[in-house]
Amino acid sequence: MLKRGTLGIILAVLVTATAWGKIKLPAIIGNNMVLQQQSEVPLWGGATANTSVKVVTSWNHKTYTIRSDAAGNWRVMVGTPAAGGPYTISFSDGAPLTLKDILIGEVWVCSGQSNMEISMKGYRNTPILHSNDILMNAGDSQLRLFHVQRAVSNTPLADCKGDWEISTPESASTFSAVGFQFAKMMQQILKVPVGVIEAAWGGTPIEAWMDKESLATFPRVKTPLEHDTLKADRLRPTCLFNGMIAPIAGFGIKGFIWYQGEANISHPGSHPYNYDKMMASMVRQWRKRWDMGSLPFYYVQIAPWIYRRNRDSAAYLREAQQRALKEIPDAGMVVSIDVGSKYTVHPPDKTTISKRLLYLALDSAYHKGGIACQSPLFDKMEIKGSAVLLSFTNAPHGFFCTDSTINGFEIAGKDKVFHPAKATIYKSFIRVEGDEVTDPASVRYGFKDWVKGDLYNTEGLPVAPFRTDHW
């Protein structure tokens, strides 16, 4: 029964249950949880050693019988029906345990650093736009929230701290503002139960969320040894994967949403240029750990802001995030260049970000036709005298600007000196020219730490920052 091995590390530590001779379940498997619909999902735990364990699912009254190993660990795959509930699941190795109020629906994991972690109530002196109005309508028995509590470890942990909670104004107020709104809107649109699992921690680099295997191809990154005596830390490679992802890895889900990257602008040993390779490696390994195929992975470009260290490095990290689209199958990227804040790295508008993540899910994961989800991406340029014509993907009906002039464009000649440029919408192109450049060689748009993007396709999705050069 353990041949798939996805949760072998998790099961190994559940031996403590055997001393009492009763079923023990990890925190992620509990009352009020949501299981992914129409799937084979794992349930696992501890019991009396070398004994028969029975699992009964009330939606089909089916009994699954497995045998615990010498350490008392067991794991079983159960089939789930179409969305519905509430149901119960009963476990017994002689001493029964029943979970109640189980829903079947859609389950997502949201992870990353502070822009994913920031809750609906915000941080100190850092608000979430319209949070009170949103929380006023947060009560929803069909929406369930699981917040993985902060934990660090040099080795993978078997369990985490957390509980499945029914969405209320109180429970939602301390949950990820992006994750909550993404899930809430999904539940309203799909009209099925939705569960969302938050595993996020502010100020953390991507290396901390990667496991040892995914970092193996990055020799400059030093991962903790098996018996590392150095204290685990949220900034150390693998420590957040071990503490916050390993305990939930394998739980039945539909996909991931990810908002991280600010820490990799200046994190020691990290560099914006290889962020795309790191994220692709992380996603491959997460998918391997979940063993559920090519789970959708949707992510957000880092927020525009005046970064105090490594000025203008944010543009290169956003560029790496865009390159990752070609490295990660079944991925989607949200452009955030138009909803930043000049005064905080935590933009208050998390609703727009949540909607754009949901557009990707509705289109790609749920195949809802007619919903635009991809921002325009630079495709190619054509020099016409002193002007440049730019063409883009994902703009089938053209463009519009929310201001009287299009901001954020720069143009340079062969001297590589950039000057502010005039940009206009011309047929299906963007035409760019500058009074100080008569022989253009390169164009950039939004290629700075902070810029207020105001150019969109007609579906309202912002043009992604870009440069045509590699200087």
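Starting from 1, each residue takes its place in the sequence as its number. In this text, all values refer to a predicted model and were calculated from it rather than measured experimentally.
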Which distance, rounded to the nearest 0.5 Å, do you find between the CE of Met279 and the CD1 of Ile328? 4.0 Å
Min side-chain heavy-atom separation Trp164-Leu103 under 4.5 Å: no
Please answer whether the main-chain N or O of Ser354 pairs with a side-chain N or O of Gln181 as donor and acceptor at a distance below 3.5 Å. no
Any chance you could lay out the side chain to side chain contact (heavy atoms under 4.5 Å, CB included) test for Ser176 and Tyr259, step after step, and finish with the verdict? CA-CA 11 Å; Ser176 162; Tyr259 197 169; over 6 Å; no
Does any donor atom in the side chain of Asn242 or Lys212 lie under 3.5 Å from an acceptor atom in the other side chain? no
Would you check if the side chain of Thr168 reaches a backbone N or O of Gly139 as a donor-acceptor pair within less than 3.5 Å? no
Heavy-atom side-chain contact between Val339 and Pro347 under 4.5 Å: no
If only atom types and distance count, is the side chain of Ser336 paired as donor or acceptor with the main-chain N or O of Gln301 below 3.5 Å? yes
Side chain to side chain contact (heavy atoms under 4.5 Å, CB included) assessment of Lys121 paired with Thr174: CA-CA 6 Å; Lys121 67 180 180 181; Thr174 58; 3.8 Å; yes
Once rounded to the nearest 0.5 Å, what's the spacing between atom OG of Ser171 and atom CG of Leu143? 8.0 Å
How close do Ile128 and Lys350 get, heavy atom to heavy atom, and via which atoms? CD1-CG, 3.8 Å
Under 3.5 Å: donor-acceptor pair, side chain of Arg444, backbone of Pro465: no
If we ignore hydrogens and angles and just use 3.5 Å, is the side chain of Asn264 paired with the main-chain N or O of Pro272 as donor and acceptor? no
Euclidean distance, Met333 CE relative to Gln322 CD, rounded to 0.5 Å: 4.5 Å
With sequence neighbours excluded, tell me which residues meet salt bridge (charged side-chain N to carboxylate O under 4.0 Å, His left out) with Asp140. Lys184
Would you please classify the geometry between the Phe175 ring and the His147 ring as parallel, tilted or perpendicular, with 30° and 60° separating the classes? perpendicular
How close do Gly340 and Pro304 get, counting heavy atoms only, and between which atoms? CA-CG, 3.5 Å
Validation row: Ile353, Asn115 side chains within 4.5 angstrom (heavy atoms): no
Please check if atom NZ in Lys277 has more than 12 non-hydrogen atoms from other residues, nucleotides or ligands closer than 6.0 Å. no
Parallel, tilted or perpendicular: which fits the ring planes of Phe418 and Trp471, with parallel below 30° and perpendicular above 60°? tilted
So, the side chain of Asp233 versus the backbone of Cys239: is there a donor-acceptor pair under 3.5 Å, distance only? no
Are any of the side-chain nitrogens in Asp101 or Arg144 under 4.0 Å away from the carboxylate oxygens of its partner? yes
Heavy-atom check, side chain of Trp108 versus side chain of Lys254, under 4.5 Å: yes
Test log, rule side chain to side chain contact (heavy atoms under 4.5 Å, CB included), inputs Ile29 and Ile89: CA-CA 10 Å; Ile29 299 175; Ile89 305 176; over 6 Å; no
Side-chain heavy atoms of Ile257 within contact of Met116, under 4.5 Å: yes
Using 30° and 60° as the class boundaries, would you call the ring planes of Phe251 and Trp44 parallel, tilted or perpendicular? perpendicular
Side-chain heavy atoms of Leu325 within contact of Tyr299, under 4.5 Å: yes
Is the shortest side-chain N to carboxylate O distance from Lys448 to Glu410 below 4.0 Å? yes
Between the side chain of Trp258 and the main-chain N/O of Cys110, is any donor-acceptor distance below 3.5 Å? no
Does either side chain, that of Asp93 or that of Thr51, offer a donor lying less than 3.5 Å from an acceptor on the other one? no
Euclidean distance, Thr48 OG1 relative to Trp74 CH2, rounded to 0.5 Å: 12.0 Å
Closest heavy-atom contact between Val107 and Gly252? CB-O, 3.7 Å
Does Thr204 reach the main-chain N or O of Trp201 with its side chain, forming a donor-acceptor pair under 3.5 Å? yes
Is any side-chain heavy atom of Leu240 closer than 4.5 Å to one of Val152? yes
Flag yes if more than 12 heavy atoms outside Tyr343 fall under 6.0 Å of its OH atom; otherwise flag no. no
Between Asp338 and Arg356, is there a salt bridge with N-O shorter than 4.0 Å? yes
When rounded to the nearest 0.5 angstrom, what is the spacing between CZ in Phe241 and CH2 in Trp209? 11.0 Å
Sidechain-backbone polar pair: Thr238 side chain, Ala208 backbone, donor-acceptor under 3.5 Å: no
Check for a donor-acceptor pair, side chain of Thr80 on one end and backbone N or O of Ser39 on the other, with a separation under 3.5 Å. yes
To the nearest 0.5 Å, atom CD of Glu117 lies from atom CD of Gln113 at 9.5 Å
Does atom CD of Glu170 have more than 12 heavy-atom neighbours from other groups under 6.0 Å away? no
So Val451 and Asn407, side chain to side chain contact (heavy atoms under 4.5 Å, CB included) or not? Walk me through it. CA-CA 8 Å; Val451 65; Asn407 299 309; 5.8 Å; no
Do Phe146 and Asn32 make a side-chain contact, defined as non-hydrogen atoms from C-beta onward lying under 4.5 Å apart? no
Of all heavy-atom pairs between Leu360 and Gln374, which one has the smallest distance, and what is that distance? CD2-NE2, 4.0 Å
Ring geometry between Trp286 and Phe256 (parallel below 30°, tilted from 30 to 60°, perpendicular above 60°): tilted
Does the pair Glu213/Arg284 count as a salt bridge with the N-to-O cut at 4.0 Å? no
Measure across Ala95 and Ile23 and return the closest heavy-atom pair with its distance rounded to 0.1 Å. O-CG1, 4.1 Å
When every non-hydrogen atom of Pro296 is compared with those of Ala365, the smallest separation belongs to CG-CB, 4.1 Å
